[in-house]
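The structure appears below as structure tokens.
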Amino acid sequence: MVAKAVETPNIGFDFSNHARNQFLGQRLQGVPKATSTGTTIVGVIFGGGDSGEEPGVCLGADTRATGGPIVADKNCEKIHYLTPQIRCCGAGTAADTEFVTNLISSNLELHALSQGRPARVVTAMTMLKQYLFRYQGHVGAHLVLGGVDVTGPQLFTVHAHGSTDKLPYVTMGSGSLAAMAVFESSFRENMKKEEAIALVARAIRSGIFNDLGSGSNVDVAVITKNGTEQLRNYEMPNERGIKSRNYKFRRGTTAWTKEAVRSLVVSEEIKSTSGAGKDQGGVEVKAVPTGAGAGGEEGMEIDS
Amino acid sequence: MELNGGSVVAMIGKDCVAIASDLRLGNQQVGIASNFDKVFPVNDKLYYGLPGLATDVYTLREHLRFRVNMYRMKEEREITPKTFTHLLSSTLYEKRFGPFFIEPVVAGLTTPTPLDPNPKPYISTMDTIGCITTPKDFAVAGTAADKLYGVAEGLWEPDLEPEDLFETISQTLLNAVDRDALSGWGAVVHIITHDKVITRTLRARMD
């Protein structure tokens, strides 16, 4: 008899709540807003030519995630891992960028193993665009995809509806105009690595300070054929000042009506007992006359 | 989300975490129950709160109970806060185009292992479709979320001892929900440390 699996594998999305949610959306003030990464994300190709340095890609992102007008996360990570030599910055609906990059990252690893060679950036781009087009833009992921493979450094943008562009410098997100202004005035071909990082940081800072949907810190990732450098919080131009007063409350300020304390087992000591009777330490063996043991008075002894 | 009301807040202290919720269940303006706890335990050191639509609170709680039991049976060990957060996130993203109306908050302590002998206390929150946020200070959700952000940002400080953390999180919750019509009607706080969990029901405004 073959036992049926308890958990049926659910591939893809589950639409069972959709009708109910439409109805609730009508009755109430509308459906809840998902976290979006307002965002400034950028990418730039550097090196090669007469710079004397290895060609590579430099990606940058801010670190603010918003839920409507509120900042949901002051330091989120928008540069997602795809493969050791490919990274993807995500703007749009935060859950979508996170899950789509995780999915394509897993598929790229399987693809690389089945093909016996490292995945190319165009492969990642094709997988992403075919997935996103299938969902007609409802998976709100706007991505800047960059990496280095056997064909050299590659930089793409992928829009939620499935269109892609291949460019030497790109910006995406609500802060893209602010960042592109910096790029259009200062980008040069064949920059050195330090120049590229400085340019990317400047572009992100421009988004952070001028765009309301972007903020907090600058994250940078530098990819060359020698490896990937992930510079988390490369710049932190918005550190909070030190609080001048202490706001701790006096203990006992809050009135409570009931308290339940659940003590947890912190450490357990197990004494092993082997053999019976004589071998146990601290146990005295006393002879007991027949009929005087447990149950003896009632006459329940077996050998009486 | 604004049908039943309710809010949850979690905070990190020194080797401890605290998670608290109000107790109101309503139908828009009408209050129905003042004993609707929204914080549930997964195991001794891991608790999670589910503010939002009450029917989804129950559905999600049972669904998670199933997933955690399967995990415990297959892995033969207790689930860690980080893994539970990702489990919850995947559960929510499955319903990406018809989501649960819940913004969960997770709070727990990770047991020390040889690879990670001094783990930091863990809190996380996510939106209705599972986008995880792992703050270093506090996590808020529910109808009073905006007010909770404000009060918590003002009152929280790092490395609070369990008793001080209790005061801070209680005052944060009580004062924020007092400014929210859809939350309140009582409050419960759980403080989780490595050797015990203290659960206190607070005396709150019942209007």
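Chain letters run A, B, ... following the sequence lines, proteins first and then strands; every chain starts at 1. In this text the structure is predicted, and so the values were computed from the model without any measurement.
- Here the CZ-CG distance, from A/Phe249 to B/Leu160, works out to 11.0 Å after rounding to the nearest 0.5 Å.
- Within residues 12-19 of chain B, no residue has any heavy atom under 4.5 Å from a heavy atom of chain A.
- The greatest number of non-hydrogen atom pairs below 4.5 Å with chain B, out of A/Gly67, A/Ala19, A/Pro69, A/Gly252, is found for A/Gly252.
- Put simply, the side chain of A/Val71 does not reach to within 4.5 Å of the side chain of B/Tyr149, judged on heavy atoms.
- At distances below 3.5 Å, at least one donor-acceptor pair connects side-chain atoms of B/Glu167 with backbone N or O atoms of A/Thr254.
- For A/Phe15, the part lying near chain B is the side chain, with the backbone staying farther off; criterion is any non-hydrogen pair under 4.5 Å.
- Remark: A/Arg251 does not engage B/Glu161 in a salt bridge, criterion side-chain N to carboxylate O under 4.0 Å.
- Neither the backbone nor the side chain of A/Arg245 comes within less than 4.5 Å of any heavy atom in chain B.
- Atoms CD and CD1, from A/Glu98 and B/Ile132 in turn, are 6.5 Å apart once rounded to the nearest 0.5 Å.
- At distances below 3.5 Å, not a single donor-acceptor pair connects side-chain atoms of B/Thr201 with backbone N or O atoms of A/Thr257.
- Counting heavy-atom pairs closer than 4.5 Å to chain A, the top residue among B/Gly98, B/Gly52, B/Ser90 is B/Gly98.
- When side chains are defined from C-beta on, A/Asn102 does not count as touching B/His86, because their heavy atoms never get closer than 4.5 Å.
- Using a 4.5 Å cut-off on side-chain heavy atoms (C-beta onward), B/Lys95 and A/Asn21 make no contact.
- Between B/Phe97 and A/His138, the ring planes are perpendicular. Angles over 60° get that label, and only those under 30° would be called parallel.
- To the nearest 0.5 angstrom, A/Lys248 atom NZ is 8.0 Å from B/Thr168 atom OG1.
- Here the OH-CH2 distance, from A/Tyr247 to B/Trp156, works out to 15.0 Å after rounding to the nearest 0.5 Å.
- Using a 4.5 Å cut-off between heavy atoms, B/Thr133 touches chain A through backbone and side chain atoms alike.
- Put simply, the side chain of A/Arg262 reaches to within 4.5 Å of the side chain of B/Asp44, judged on heavy atoms.
- Contacts between B/Thr111 and chain A at a heavy-atom distance below 4.5 Å are absent for every atom of the residue.
- Contact annotation for B/Leu53: only side-chain heavy atoms (C-beta onward) come within less than 4.5 Å of a heavy atom of chain A.
- For the residue pair B/Cys131 and A/Ala95, the shortest heavy atom distance occurs at CB-N, 3.6 Å.
- Note that CZ of B/Arg96 and OH of A/Tyr135 are 11.0 Å apart. Values are rounded to the nearest 0.5 Å.
- The contact list for residues 183-194 of chain B toward chain A, using heavy atoms and a distance under 4.5 Å, reads B/Thr193, B/His194 by residue number.
- Rounded to the nearest 0.5 Å, atoms NZ (B/Lys136) and CG (A/Asn75) are 6.5 Å apart.
- A donor-acceptor contact shorter than 3.5 Å is absent between the side chain of A/Lys258 and the backbone of B/Thr199.
- Chain B forms the most heavy-atom pairs under 4.5 Å with one residue out of A/Ile70, A/Asp96, A/Val261, and that residue is A/Asp96.
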